[in-house]
Protein chains: 2
Amino acid sequence: MDKKISTAVAENATERRHSCEACPLRPLPVFRAFEPEELEFVSHFKRGELAVDRGATVLVEGNSSPHLYTVLSGWGFRFKLLSDGRRQILNYIMPGDLIGLQGTIMGEMQHSVEALSGLVLCVFERGKLMELYSRHPGLAYDITWLASREERMLDENLLSIGRRSAIERAAYLLAFIHERARASGLAARSRVAIPVTQQHIADTLGLSLVHTNKTLRKLVQRGMIEWRDGGCEVVDLDGLLRLSGWEGLDEGKRPLV
Amino acid sequence: MDKKISTAVAENATERRHSCEACPLRPLPVFRAFEPEELEFVSHFKRGELAVDRGATVLVEGNSSPHLYTVLSGWGFRFKLLSDGRRQILNYIMPGDLIGLQGTIMGEMQHSVEALSGLVLCVFERGKLMELYSRHPGLAYDITWLASREERMLDENLLSIGRRSAIERAAYLLAFIHERARASGLAARSRVAIPVTQQHIADTLGLSLVHTNKTLRKLVQRGMIEWRDGGCEVVDLDGLLRLSGWEGLDEGKRPLV
DNA sequence: CGCGGGGTTGAATGCCGTCAATTGAAGTGG
DNA sequence: CCACTTCAATTGACGGCATTCAACCCCGCG
């Protein structure tokens, strides 16, 4: 349980920004179409962009987040720590995900967020959230929708950690990440290189590093995944689904705020 | 892992209803004050009441929930099942909690809800939710707040199941339930009788029934809890907090929709 | 070339699960 | 009122899955 927690905290917002009207994410089939006036407000809501290095901490537990972010590109994860350093990864973060809502709405972050790869975030101003709720009920509804979706994913993860065996858990997790990543446009040629170490997987599954390694090895031997240069690739999605007894991701279109 | 899942599903909404203006819950110190027009809308939003018997299933995974509910009185729990019957309890439900939001917002419930005691629910119409978002941004914000709070609780539970030992988990869980129950007005004389079986605790902690029993026995021997006539009482809250390394519930006032 | 991070493996320990059986309380029907 | 059943709690024995300890390898980097 020896973790190195990176201490660099992301700070500088760059000025260079993608216009919301030409958002590279929005054309993806997973995102629902927006009305012109919604798009216009989101554009107005957006304050700038934040580029975060791999390994940097984006949000820190205990801080009150000054901003709300939408992931434009890259990977990250949410996690919590116990006082003795044990770490639990709560969920992974991918393009289109909204982060920092807890801090914005409830005043203080109860978890931290770290970048798994270079990460580009759209920065929204906390103060304008009430204006969004007042003037664009549709967008407000979307934000609740996203919060509800996060809850749904957490429910799944909780079920998995609580009730599945080690190998089932690993199979579920990798299938889950793979599916989400594909839907978020992180797939190059239908293959997805998941940029995690086995320590990340271990801290997500609630297992030790050693046992995680042995479990992953079994998945490799069964030809379901491959492990290469600091990452993981799912080879046999159906196999993972069968092994874990998971139905697969069944999301329709989602909003992109 | 032998579970009996009750099959009775709650059906009939009674006409008898508490007026929202004279809501027995709202005066509690945990709930934030509402503006008169908010109260008026909630009253208009409310459609009736639903009384649910102990053991009955309120919401079923896979169904699209026709309604949204706020718990007026009683205890319940949210859970998910694996196809082979393994059950994971996700969270407990107490007065003031909003349930069925997932089904309302995302179209289909991804978890089930069962009553631990007799339960009285305020029934809200799904169709009027958009109207709420349009006409009362403050209430819309409150609903997002509540969804965010649920996410926060799930994060804590995930941390606990993933990274705490059996006895730490049990200590955390009972302290958590105790704290929430006290804040929700479920305490008679500062003592709280938690109406669960050890099977419920086991399915929450992700442990077997036998090992849960042995773990709870240790907590009893340490004088931290008592187990009596189908329920549990926390005797030494500080002891549980110390054992689990949990900071305790730190919620300010919350909205009551 | 030494060092550190990440991955891999074997051995020993132990926490937790499974099996099995008992107790006591509460309900049911005769 | 008493067999009979059922459910919840309890306890002991045993086995196994997962943790811990301890190496070792590979590779990129200063």
Side-chain angles (χ1 to χ4, degrees), chain A residues 1-8 54-55 82 84-88 114 116-117 160-171 173-174 193-221 225-233, chain B residues 1-7 54-55 82 84-88 114 116-117 160-171 174 193-221 225-233:
Chain A
M1 208 121 339
D2 46 303
K3 321 283 163 49
K4 312 279 148 44
I5 305 302
S6 48
T7 50
R54 175 170 170 283
L82 290 176
D84 62 3
R86 283 177 284 181
R87 179 175 74 171
Q88 178 64 39
E114 186 177 318
L116 272 175
S117 67
S160 203
I161 293 191
R163 285 308 181 200
R164 279 196 252 251
S165 69
I167 196 163
E168 289 172 338
R169 266 184 249 185
L173 177 65
L174 294 174
I194 305 174
V196 288
T197 65
Q198 298 190 352
Q199 183 70 67
H200 289 121
I201 301 293
D203 286 349
T204 312
L205 300 180
L207 297 171
S208 73
L209 178 57
V210 173
H211 196 251
T212 298
N213 176 283
K214 289 171 183 171
T215 303
L216 290 174
R217 209 99 279 294
K218 287 182 193 166
L219 291 181
V220 171
Q221 277 156 22
I225 63 169
E226 283 171 11
W227 202 272
R228 50 169 61 147
D229 40 67
C232 171
E233 276 189 19
Chain B
M1 208 119 339
D2 47 304
K3 319 284 163 50
K4 314 277 150 41
I5 305 301
S6 48
T7 50
R54 175 172 169 282
L82 290 176
D84 62 3
R86 283 176 283 180
R87 179 175 73 173
Q88 178 64 39
E114 186 176 318
L116 272 175
S117 68
S160 202
I161 294 191
R163 285 308 181 200
R164 279 196 253 251
S165 69
I167 197 161
E168 289 172 338
R169 267 184 248 185
L174 294 173
I194 305 173
V196 289
T197 65
Q198 298 190 351
Q199 182 71 66
H200 289 120
I201 302 293
D203 286 349
T204 313
L205 300 180
L207 298 171
S208 73
L209 177 57
V210 173
H211 196 253
T212 298
N213 177 285
K214 288 171 182 170
T215 303
L216 290 174
R217 212 98 276 294
K218 286 182 194 166
L219 292 180
V220 171
Q221 278 156 21
I225 64 169
E226 283 171 12
W227 202 273
R228 49 169 63 147
D229 40 67
C232 171
E233 276 189 19

Could you give the CG-to-C1' distance, from A/Asn213 to C/dA11, as a whole number of Å?
-> 16 Å
Could you state the atom-to-atom distance from CZ of A/Arg164 to P of C/dC16 in whole Å?
-> 21 Å
Between B/Arg86 and B/Asp203, is there a salt bridge with N-O shorter than 4.0 Å?
-> no
Indicate whether OP1 or OP2 belonging to D/dA9 is found under 4.0 Å from a side-chain N or O atom of B/Arg217.
-> no
Assign B/Gly206 to base, sugar-phosphate, or nothing according to its heavy-atom contacts below 4.0 angstrom with the strands shown.
-> sugar-phosphate
Nucleotide C/dA12, atom P - distance to NZ of A/Lys214 in whole Å = 12 Å
Whole angstrom is fine here: how far is it from CG in B/Asp203 over to P in C/dC16?
-> 17 Å
Are any non-hydrogen side-chain atoms of A/Arg169 and A/Leu207 less than 4.5 angstrom apart?
-> yes
From CG of A/Asp229 across to P of D/dG28 the rounded distance in Å is 10 Å
Would you kindly give the CH2-to-P distance between B/Trp227 and D/dC7, to the nearest whole Å?
-> 18 Å
When rounded to whole Å, the NE2 to C1' distance for the pair A/His211 and C/dC15 reads 13 Å
Between C/dC16, C/dT18, C/dG7, which one does the side chain of B/Val210 approach most closely?
-> C/dT18
Can A/Ile225 and A/Glu233 be said to form a side chain to side chain contact (heavy atoms under 4.5 Å, CB included), step by step?
-> CA-CA 6 Å; A/Ile225 63 169; A/Glu233 276 189 19; over 6 Å; no
For B/Gln199 and D/dT6, what is the distance between atoms CD and P respectively, to the nearest whole Å?
-> 18 Å
Check against side chain to side chain donor-acceptor pair (under 3.5 Å), B/Thr197 and B/His200 | CA-CA 5 Å; B/Thr197 65; B/His200 289 120; 3.1 Å; yes
